[in-house]
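Here the structure is laid out as structure tokens; the discussion comes afterwards.
Bear in mind the structure is a predicted one, so any value in this text is a computation, not a measurement.
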Amino acid sequence: MAEEYFEEEDFETEFNGKTVLRILAQAMPYRKMLFGFLLAITSAALVDSIFTYLSKQIIDEGIVPRDVDRLVQLLTTYGWLMLLQAGFVFGFIYMTGVLGERIRYDLRKTMFEHLQRLSFSYFDRTPVGWIISRVTSDTERIAELVTWGLLDTTWGITSISIAMVFMFFINWKMAAIVFVSVPVLIIVAGEFKRRILGEFRQVRKINSKITGAYNENITGVRVTKSLAREDEDLREFQELSSDMYAASYRAAWLSALFLPVVQLISAASVGAVIWYGGLQAQIGEMSIGDIQAFVGYITFMLWPVQEMARVYAQMQQSIASAERAFSLIDAVPDVADKPDATDPGTLRGDIEFKDVLFSYEDGEPVLNQFNLTVKRGETIALVGPTGGGKSTIVNLLCRFYEPKQGQILINGHDYTDLTLNAIQSRIGMVLQTPHLFSGTVRENIRYGRLDATEAEIEEAARLAGAHEFIDTLEKKYDELVGEGGSLLSVGQKQLISLARAVLAQPEIFIMDEATSSVDTLTEALIQKGMEVMMDDRTSFVIAHRLSTIKRADRILVIEKGSIAEMGNHAQLIRAGGHYYNLYTRQFRREREVAYELASRPAAA
């Protein structure tokens with residue numbers, strides 16, 4: 001479902017040489033190992049070609065004339081070369097494995113670091129499955145191309161080049177016959193390359209959607225089962241799988257056809273050489289060893305072409321993967337530091353929104369000419385209908401997004417002149433849906449300040465009202481919370497999130513509907529923790545439960561991106577406007593639920 005709004009970039013259908021060069025550039029930090037790797041492959045291929053020439057000499061100089069001494073000499077040389085080649089093969093296989101792992105590590109590290117710098121807008125429009133696919137399977141295929149793909153290519157080019165030299169040395173006329181087949185092979189390979197690459201690009205695109213579907217259905221399994229959506233989700237997944245099967249089938253069919261075509265061309269070349277070589281032998285211009293060596297070199301030259309045909313489909317997959325991986329690395333953050341951005345050392349001071357205009361999509365403003373001044377240490381509550389712009393105000397304050405027009409000033413500074421770290425490291429936020437990381441309770445609280453001591457962690461939990469329930473856990477602060485905090489209740493996760501914020505000691509504190517999904521008892525604990533956090537620091541509270549914001553210095557009713565009403569609780573109740581209607585309606589509803597009046601039939 002998440003993929004329906006995401007249109008992935010369509011890459012070129014033609015082979016992209018820049019992408020290949022960029023893939024190979026991943027090995028440049030390890031150029032010494034790369035050089036040794038290529039030297040070992042080239043040396044192994046050279047020794048392999050010498051074996052063929054030695055076979056010719058064994059026949060012409062040892063077997064045919066029955067010269068035992070010469071035969072022993074040649075066989076001894078053959079044995080030493082075998083040992084030498086074994087060393088080269090061990091060397092390049094070892095270096096291939098090490099180089100591949102280092103490239104995988106570098107790519108994943110680069111992607112993860114870049115993801116940390118990307119703006120919220122990137123994650124809003126990009127499915128999680130697409131990102132996971134880039135960081136996992138695509139980096140694997142890139143590393144395979146740089147290592148084993150480069151190995152096969154280097155071996156093939158070296159073998160073909162050496163075979164051509166030896167064939168010209170033995171008989172240039174027969175060599176010319178073989179070379180006629182080379183342009184044919186190049187043309188065939190080019191056509192297959194274009195078609196196979198197009199299919200594998202489609203496979204990678206659909207694979208991203210399938211990964212996203214996996215992610216959504218696993219994380220949303222409770223919703224799926226509660227709504228009995230299994231059959232519908234299965235149908236949607238089968239459609240994606242069928243599309244991927246069709247594209248993979250076409251790519252596999254083309255790859256399978258490529259090798260037999262190459263073999264037919266190779267067989268025609270070998271047949272022509274054997275026929276012409278037989279004629280040359282009859283007139284005494286070639287020996288039996290010459291013909292044997294020549295046929296060996298033909299195989300030596302055409303075999304790498306067949307091997308490259310075998311791995312060609314994998315190479316195309318790697319290029320298709322690289323295009324998508326590099327598109328992630330090349331993504332430019334919408335919000336970034338200016339070259340001369342500074343860190344003022346503190347955010348304590350007044351905050352001012354001046355004529356702020358903002359929209360997530362062009363032509364659909366969420367805030368329009370929004371103005372607000374917040375004094376240092378003031379607690380501001382934001383209420384109003386869903387979609388009115390409450391969360392947008394705090395998202396802009398955190399600089400997850402920036403205004404399209406207007407300014408946001410913090411302590412008199414335009415906040416775009418400050419570094420992102422200077423702002424976001426001094427803002428603490430507790431969200432409506434708390435997120436915990438896999439690990440222990442202690443590790444999740446310490447995430448607020450990594451150098452915190454055990455005593456500071458426990459004190460933060462006490463201030464947030466979380467210590468009481470933590471103390472009842474079997475392993476207390478060492479209790480595992482599960483993936484995303486799945487082993488805890490929503491209220492418990494919220495209390496740990498609040499403890500994490502308390503430990504961080506931010507200068508600006510934001511509560512985004514943090515009590516909307518918890519029970520009354522937990523709400524009271526969170527409210528107590530909020531009061532600790534709000535003491536002498538500027539705070540913003542977004543709330544649907546209006547009972548939690550009575551003590552706010554100012555309450556802002558936000559509707560359609562503007563301030564409809566503003567004042568404290570008593571002032572707004574006396575005004576009898578939007579806030580009064582919201583509060584009395586909610587209060588009446590809470591009383592009805594408490595006294596079980598909501599389910600009673602209306603009086604006749």
Side-chain angles (χ1 to χ4, degrees), residues 345-348 376-381 394 397-398 421-543 548-549 551-552:
T346 181
L347 295 186
R348 298 187 186 278
R376 173 181 171 176
E378 191 175 11
T379 296
I380 300 295
V394 297
L397 175 62
C398 295
N421 185 66
I423 297 170
Q424 293 169 357
S425 65
R426 295 182 174 92
I427 294 178
M429 178 180 280
V430 178
L431 303 172
Q432 177 181 8
T433 304
H435 181 80
L436 300 186
F437 299 93
S438 298
T440 65
V441 171
R442 175 181 286 104
E443 289 168 341
N444 272 277
I445 297 176
R446 180 177 276 135
Y447 198 78
R449 182 156 53 86
L450 298 179
D451 60 351
T453 64
E454 299 298 316
E456 289 172 329
I457 291 172
E458 185 170 329
E459 179 62 20
R462 289 182 184 277
L463 291 173
H467 178 76
E468 287 75 10
F469 96 80
I470 295 173
D471 201 44
T472 65
L473 299 175
E474 182 180 352
K475 296 181 180 178
K476 303 188 185 311
Y477 285 85
D478 291 319
E479 186 79 12
L480 294 173
V481 303
E483 185 178 2
S486 59
L487 300 180
L488 303 177
S489 70
V490 174
Q492 290 171 333
K493 289 192 287 185
Q494 199 62 279
L495 288 170
I496 291 176
S497 296
L498 185 57
R500 185 164 59 197
V502 170
L503 185 65
Q505 289 297 303
E507 296 177 359
I508 298 173
F509 180 55
I510 296 170
M511 293 282 286
D512 190 351
E513 300 185 18
T515 62
S516 62
S517 302
V518 300
D519 57 74
T520 306
L521 181 60
T522 306
E523 180 183 348
L525 291 172
I526 293 174
Q527 185 69 29
K528 182 180 177 182
M530 286 171 58
E531 291 173 4
V532 172
M533 284 296 297
M534 293 174 183
D535 185 32
D536 193 34
R537 66 171 43 88
T538 306
S539 303
F540 291 80
V541 181
I542 299 175
T548 62
I549 59 171
R551 298 182 184 181

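- Residues Ala499 and Ala461 share a closest heavy-atom pair of CB-CA, 3.9 Å.
- How far CD1 of Ile508 is from CG of Leu397: 5.0 Å, rounded to the nearest 0.5 Å.
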Go through Met511 and Leu498 one step at a time and tell me if the side chain to side chain contact (heavy atoms under 4.5 Å, CB included) criterion holds. CA-CA 9 Å; Met511 293 282 286; Leu498 185 57; 4.3 Å; yes

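- Annotation: the span from Ile549 atom CD1 to Thr379 atom OG1 amounts to 11.0 Å, rounded to 0.5 Å.
- Rounding to the nearest 0.5 angstrom, the gap separating the CG atom in Leu436 from the CG atom in Leu488 is 6.5 Å.
- Pro506 approaches Gly428 most closely through the heavy-atom pair CB-N, 3.1 Å.
- Proximity of a side-chain donor or acceptor of Thr440 to a complementary backbone N or O of Leu480 within less than 3.5 Å is not detected.
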Set out, in order, the CA-CA distance, both residues' side-chain angles and the distance that settles side chain to side chain contact (heavy atoms under 4.5 Å, CB included) for Arg442 and Lys476, then state yes or no. CA-CA 9 Å; Arg442 175 181 286 104; Lys476 303 188 185 311; over 6 Å; no

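- The structure places CD1 of Ile510 at 12.0 Å from CD1 of Ile380, a figure rounded to the nearest 0.5 Å.
- The backbone N or O of Lys475 lies less than 3.5 Å from a partner atom in the side chain of Glu479, making a donor-acceptor pair.
- Of the possible donor and acceptor atoms, none in the side chain of Arg500 sits under 3.5 Å from a partner among the backbone N and O of Gly448.
- Residue-environment remark: CD (Glu483) stays at or below the threshold of 12 foreign heavy atoms within 6.0 Å.
- With rounding to the nearest 0.5 angstrom, the CD1 atom of Ile445 is 10.0 Å from the CG atom of Leu495.
- Nearest heavy atom pair, residue Val430 against residue Ser497, reads CG2-O, 4.1 Å.
- A distance of 11.0 Å separates CZ of Arg376 from CG of Leu347, quoted to the nearest 0.5 Å.
- With contacts defined as side-chain heavy-atom distances shorter than 4.5 Å, the pair Val481/Gln492 does not qualify.
- The backbone N or O of Arg537 sits nowhere less than 3.5 Å from a side-chain atom of Glu507 that would complete a donor-acceptor pair.
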Side chains of residues 464-474: which donor-acceptor partners sit under 3.5 Å, not counting sequence neighbours?
unit_1: His467; atom_1: ND1; unit_2: Tyr477; atom_2: OH; d: 2.7
unit_1: His467; atom_1: NE2; unit_2: Arg462; atom_2: NH2; d: 3.3
unit_1: Thr472; atom_1: OG1; unit_2: Phe469; atom_2: O; d: 2.5

Given the rule in the salt bridge (Lys or Arg N to Asp or Glu O under 4.0 Å) test, do Glu456 and Arg446 qualify, once you have shown the distances and angles that lead to the verdict? CA-CA 9 Å; Glu456 289 172 329; Arg446 180 177 276 135; over 6 Å; no

